[in-house]
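Below, chains carry the letters A, B, ... as their sequence lines are ordered, and counting in each starts from 1.
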Amino acid sequence: MLFTEAGQLATSYKAEQKLFRLRQDYVAFGILLFLAFVALPYWGSDYWFNAILIPFLVLSLAGLGLNLLTGYAGQLSLGSAAFMAVGAFATYNLELRIPDLPLLFSILGGGLFAAASSVIFGLPSARIKGFYLIVSTLAAQFFIQWLFTKFSWFSNGSTSGVITAPPLVMAGYDFSTPVGRYLLTLSIVASLFLIARNLVRSELGRHWMAVRDRDTAAAVMGIPILKTKLLAFGMSGFILGIAGALWAFTYLGTVEPHGFDLTRSFQILFIIIIGGMGSLLGNFLGAAFIVLLPILLSQLIGLLPANHWVDIGQLENAQKIIFGGLIIFFLIKEPDGLARLWQRCRERARIWPLRY
Amino acid sequence: MNFFFEVLVGGLLAGVMYSLVAIGFVLIYKASGVFNFAQGAMVLFAALTFVSLLERGVPFWLCFLMTLAVMIVLALGIERWVLAPLANRSPITLFMATLGLSYVIEGLAQLLWGAQVHGLELGIKDEPFIIGGIFLSQFDLFAAGIALSLVIILSIFFNKTQIGLSLRAVADDTLAALAVGIRLPKVWVIVWSVAGFVGLVAGLLWGARVGVQFSLSLIVLKALPVLIIGGFTSIEGAIVGGLIVGASEKLAEVYLGSVIGGGIENWFPYVLALGFLLIRPAGLFGEQAIERV
Amino acid sequence: MDLGSTELTSTAHTLLPPLLKLENISLAFKGVKAITDISFEVQAKRITALIGPNGAGKSSLLNVINGVYQPQAGTITFKQIPHKQMTPRYAAQQGIARTFQNIALFKGMSVLDNLLTGRTLKRHSTWLEQAFRVGRAPREDRSNREYVEQLIDFLDLTAWRKTLVGTLPYGIQKRVELGRALAAEPTLLLLDEPMAGMNAQEKQEMSEFIRAINREFGTTIVLIEHDLSVVMSLSNHLVVLDYGKKIGDGSPEEVRHNPEVIAAYLGTRH
Amino acid sequence: MQQRFKTLSALAAAVISSTLTVNTAQAGSNEQYFPLQSYRIGPYAAGGTGFFGGFIDYLQNVNAKGGVNGVKLTWSECETEYIVEKGVECYERLKTGLNGAPAAATNPLSVGIAYATLERSTNDKLPLITINHGRTDSTDGSVFPYVFPLQLNPYSEVSAIINYIAQQAGGLDKLKGKKIVTLYHGSPYGQETNPIIDLLAKKYGFESTTIEVPHPGNEQQSQWLNIRRIQPDWVILRGWGVMNPVALKTAQKTGFPVDHIIGNIWSNSEEDAAPAGDAAKGFISITTHPSGTAFPVLQEIKKTVVDAGTTNLSDPKRFGTVYYNLGVVNGILNVEAVRLAQEKFGKTPLTGEQVQWGFEHLNIDDARLKDLGAEGLLQKLKLSCSDHEGGGAVRFQQWDGTQWKVISDWVQADRALLRPIIEESAQKYAKEKGITPRDCSKEL
């Protein structure tokens with residue numbers, strides 16, 4: 001029933017351009033929203049909110065930020081974490097220095113600052129291409145981290161450079177409980193994903209993909225290459241910035257510049273490789289994978305009987321190997337990531353019980 | 001003024017250490033077009049294997065040979081499970097695969113040998129000595145000597161041996177090389193093994209300098225700007241790039257750092273590399289590619 | 001099919017000034033000459049073919065015309081405006097569109113999206129309007145979509161509208177690329193070996209499409225093609241290149257009897 | 001195919017739900033639980049394996065002697081790799097106890113994780129122990145009731161080092177005109193004390209320069225050339241991990257005498273000195289707990305745990321090293337807090353809130369140190385509502401090429417001088433967070 005499409009034909013181009021074309025998609029989407037906004041807050045435990053759901057949502061958003069740049073516009077970046085840092089620190093300072101600014105505006109402002117810095121470090125993409133661009137993004141990574149560590153102005157004179165979350169109050173409602181932080185994160189993440197969905201289906205989304213697939217051909221068709229790339233950097237930075245602010249304030253509650261180091265950038269890159277480049281759903285799948293796999297592994301290792309032949313802690317090194325191996329595996333076997341696998345499952349389910 | 005020269009010379013010598021890592025990149029890039037981010041992990045792996053064997057009482061030269069053997073096995077594995085399946089894929093895909101590879105190698109190194117910090121003594125005293133009022137480090141001079149001999153060995157290898165010549169043929173024109181019967185997988189294994197050898201040498205010198213431990217893999221981040229400045233395809237470029245990066249970052253740390261705040265060494269080479277990139281996209285010694293449409 | 005085309009006979013000789021005029025164009029890469037001092041004219045609404053052996057500089061010449069390469073010397077006059085050189089974007093804005101020798105489609109996008117990308121210069125809404133689907137954006141979305149759907153019908157691509165172009169057969173990809181160029185409603189269409197690698201029947205089909213485009217849209221076409229039988233029947237005007245120099249220029253009949261062309265191209269080499 | 005897929009997904013769901021279920025406390029067990037957010041891999045593994053090795057071995061030792069008043073101690077580990085979000089996940093996973101045994105306190109041994117779980121543990125009423133490190137202003141227990149930077153906070157550390165330098169020079173007044181360079185790790189931890197050293201410089205009239213080493217600290221050529229140019233009397237090394245041996249090696253290379261380098265509390269282990277080889281010979285560092293195995297408590301652990309083959313150390317040679325002994329000290333303090341709280345709340349497993357009372361009333365005097373067999377290993381310690389640090393004294397040790405030799409008696413930090421700064425900072429935090437500080441005069 002869920003996959004019956006027969007008879008649902010789009011009768012106008014307008015109908016085809018709606019958010020979802022199929023009735024089931026609307027139903028499924030509605031159920032999903034209901035689960036996320038109503039059922040989970042009711043059933044979830046603190047552990048689920050604090051340790052799984054919130055980081056999952058934030059990392060999905062960060063994945064989206066990088067995916068727009070790398071998956072859609074084809075510009076490889078190793079500096080995602082730096083723009084998250086800009087978002088977090090800018091939000092913190094906006095909240096601190098403009099007392100009456102509502103929290104939501106501070107977060108949006110943090111996103112805008114991150115977008116601006118992302119555009120600046122994206123400027124060299126006018127001349128350099130491919131993986132040469134990682135130099136520019138790595139420069140961003142190291143420079144921005146240094147900036148926030150070095151100048152304690154950014155952390156309001158805190159000697160250690162650590163910033164802590166402002167009170168999470170919005171429209172008089174306190175979001176500082178685990179459920180509250182979850183709902184706040186979920187609302188922001190959901191809205192940004194909807195905007196992103198519109199964006200990648202719009203003319204700009206096509207421009208990004210055109211630049212990614214064949215930049216010469218794109219130029220020949222009159223697509224302004226630099227503007228298109230910079231818009232990708234900007235949008236990517238904006239979303240990463242908001243993800244950074246959420247990471248700092250709804251997830252951890254506190255953050256230091258070191259929390260946005262190169263390892264984090266790699267983590268986000270892995271999310272989109274595993275999840276699927278150029279796929280919105282892939283961000284969720286990749287983030288879920290990257291959040292859940294270590295927890296599962298560490299739980300499984302915890303189930304092993306303690307003995308002195310194997311050093312349990314050392315076994316955790318296996319996790320690194322598994323991650324690295326999976327990256328290679330996905331690049332070889334499924335370059336389009338989990339999202340593509342999911343799509344295959346759906347296609348198979350659609351024609352079930354037939355094989356093809 | 002003496003101080004300036006001290007910083008300069010110290011920086012140049014430190015730069016040689018970066019070059020050592022960068023040479024490994026150049027080899028691999030030339031032969032297989034892969035930008036190998038895992039070179040740092042290979043340095044760590046080689047050094048850790050070496051020092052762990054040494055600590056178990058294996059004599060120095062045997063350690064060296066055994067580690068070399070391990071690096072060759074590693075190269076075989078990489079060819080088989082990473083490079084061959086990814087043949088003809090885009091450079092960015094290959095780069096990301098080496099990112100994954102670096103995780104595998106780092107995890108493997110620590111799984112096998114543990115995470116302790118190991119000291120490594122190569123028997124070179126590091127007492128400073130003074131020439132013309134300038135402090136010089138004996139160890140760094142020694143390292144520079146090793147780097148120089150490494151470059152000579154490699155150039156003999158590439159110019160005089162049969163294997164080396166076929167490697168150069170592949171680097172110059174892969175299709176033509178295939179046509180005359182050079183087998184790519186074999187070439188890859190050889191070149192990754194040679195890169196493993198370079199990694200081992202770099203690992204020993206770096207290990208003696210900073211101790212053999214996890215963060216050795218991070219020196220890859222220093223080698224990157226070196227390559228950008230020198231060009232990905234030239235060993236001379238790696239040396240010159242290393243010298244430029246070493247000298248300029250030390251001078252910047254000392255003179256610029258006192259103005260805008262210290263600790264700028266992490267990003268300064270990148271900004272420098274970016275500057276070079278905007279002026280000479282292929283690096284000082286790299287070949288500029290013409291785009292065909 | 002109604003795309004506002006004007007009826008005209010492509011063989012009718014016009015006395016209008018040429019749409020495109022190249023004068024003394026020279027191009028070199030790192031000192032190696034690719035094109036030496038080439039001049040010729042392209043009459044509006046006609047089909048001009050560039051022929052010549054591999055490495056003769058044909059593709060380079062197309063690249064010069066639409067601004068991908070910047071020539072070291074010479075003048076390009078398009079619609080009576082002389083230029084030393086153009087950028088690809090400027091050329092596109094002037095109404096020049098093209099296809100590529102090795103298909104340069106956007107592989108990760110569907111046929112429909114590839115063609116829609118061709119309409120880029122027909123849009124005026126900003127990206128913000130597009131992101132939120134407000135202002136001019138929805139209207140443009142609809143009109144562009146309608147135009148592109150007509151093109152899809154015209155090129156007989158309906159079966160593959162939503163397929164990713166990377167997965168399509170070669171011949172279809174060539175047609176999609178033609179469609180993408182056409183979506184821009186160009187004045188001048190440059191086709192770089194539109195029939196390379198095709199069998200006789202596919203070539204026949206492609207020739208029909210090119211002829212139909214020229215006839216129904218009134219588009220001026222410059223194409224590169226190796227198959228002389230196709231070229232002779234399709235084009236009104238031939239320009240022959242060899243080693244970056246022009247060795248022949250004229251109607252198919254004239255070129256067929258040009259001794260230099262026969263020596264360089266038809267006789268000794270093939 | 002479809003069937004297999006279904007079975008597989010059902011299986012996967014079962015695994016996920018079973019492994020992700022959080023252990024919830026049930027009544028009935030007679031055990032006290034220690035959630036260990038340990039780290040045994042990653043760049044700082046050497047510290048984690050030593051510290052948690054000592055901690056666990058001490059807990060084993062207590063159990064071998066019948067537990068704390070009959071209450072057995074239990075623990076489980078969760079690997080953090082020193083990564084903040086992993087630490088948070090571990091915290092959330094372990095905080096509710098194990099098989100009915102309630103959690104006593106968390107000991108993440110990481111500044112980052114401590115910061116990230118500070119508010120959480122306060123909300124959950126679970127003491128957060130940051131022995132020898134952590135947030136300096138959490139010393140003020142009126143604002144941070146559940147945070148305990150036991151023995152030594154970062155400010156005290158600097159003050160003690162300056163006092164030692166003064167001792168060597170022959171008095172605080174002799175500091176005038178001296179040059180002291182602080183070489184610090186480019187991280188929040190490294191920077192934390194910079195304002196304090198500048199403050200002390202102003203007060204005592206010495207010249208202070210702070211020089212940053214970017215993380216991780218593989219390359220320090222320019223920093224040490226700079227130091228050579230300044231020609232300081234002393235260099236305070238505020239390092240972490242690889243930065244320490246590299247600093248010593250580079251010092252040697254640039255000709256700076258290593259016996260005028262003083263390592264701080266995280267530059268004081270065997271793992272910091274030994275990899276530098278000869279270059280480390282003569283290096284001085286502070287410690288709150290000497291290394292060595294001569295202390296009765298360590299002999300006891302040797303007998304009940306190490307010789308029994310159940311030591312947590314993968315390399316038993318590390319028994320009695322600095323990190324190991326810090327783990328033992330940490331174990332002693334945790335267990336003492338439990339023991340003390342049991343006196344008030346009864347000899348049963350206690351909640352974190354009850355253990356917090358135990359920590360806040362810790363009073364380890366000479367007699368108690370003797371009972372514990374920890375004389376000389378541990379300093380006297382008295383905690384209160386307003387003072388969550390307690391000690392503030394350090395000893396100095398020198399590396400002789402193979403091991404540390406203690407070279408000074410306890411040197412006390414000038415805690416009275418630091419107190420107003422700490423209070424000011426704590427008040428600022430309280431205001432930012434809307435916390436009403438406790439009135440410590442009313443606490444018993």
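- One finds the CD1 atom of D:Ile83 at 8.0 Å from the CD atom of A:Gln267 (value rounded to the nearest 0.5 Å).
- No side-chain heavy atom of D:Tyr115 sits less than 4.5 Å from a side-chain heavy atom of A:Glu256.
- How far CG of A:Asn156 is from NZ of D:Lys428: 4.5 Å, rounded to the nearest 0.5 Å.
- Ranked by non-hydrogen atom pairs under 4.5 Å with chain D, the options A:Gly259, A:Ser155, A:Ala165 are led by A:Ala165.
- Here the side chains of A:Ile295 and D:Arg93 are in contact, with some heavy-atom distance below 4.5 Å.
- Shown here for A:Thr149 and D:Gln191, the closest heavy-atom pair between the two residues is O-NE2, 2.6 Å.
- Side-chain contact between D:Leu118 and A:Thr254 is absent, with no heavy atoms from C-beta onward closer than 4.5 Å.
- Counting heavy atoms from C-beta outward, A:Trp247 and D:Glu85 have side chains that approach closer than 4.5 Å.
- Looking at A:Tyr251, both its backbone and its side chain come within 4.5 Å of chain D, counting heavy atoms on both sides.
- Proximity of A:Asn50 to D:Val88: side-chain heavy atoms (C-beta onward) are nowhere separated by under 4.5 Å.
- Across all non-hydrogen atoms, the minimal contact from D:Glu212 to A:Lys150 is OE1-NZ, 3.0 Å.
- Checked by atom type, the side-chain pair A:Thr164/D:Glu432 shows a donor-acceptor distance below 3.5 Å.
- The CD1 atom of A:Ile52 lies 10.0 Å from the CD atom of D:Glu92; values are rounded to the nearest 0.5 Å.
- Remark: A:Asp46 CG to D:Thr96 OG1 distance equals 10.0 Å, nearest 0.5 Å.
- For the set D:Lys95, D:Glu119, D:Arg120, D:Arg135, the entry with the most heavy-atom pairs within less than 4.5 Å of chain A is D:Arg120.
- Residue contact with chain A, scored on non-hydrogen atoms closer than 4.5 Å, is absent for D:Glu77.
- Here the side chain of D:Lys433 pairs no donor or acceptor atom with the backbone of A:Pro166 at under 3.5 angstrom.
- In this structure, CG in D:Asn194 is found 9.5 Å from OG in A:Ser152, a value given to the nearest 0.5 Å.
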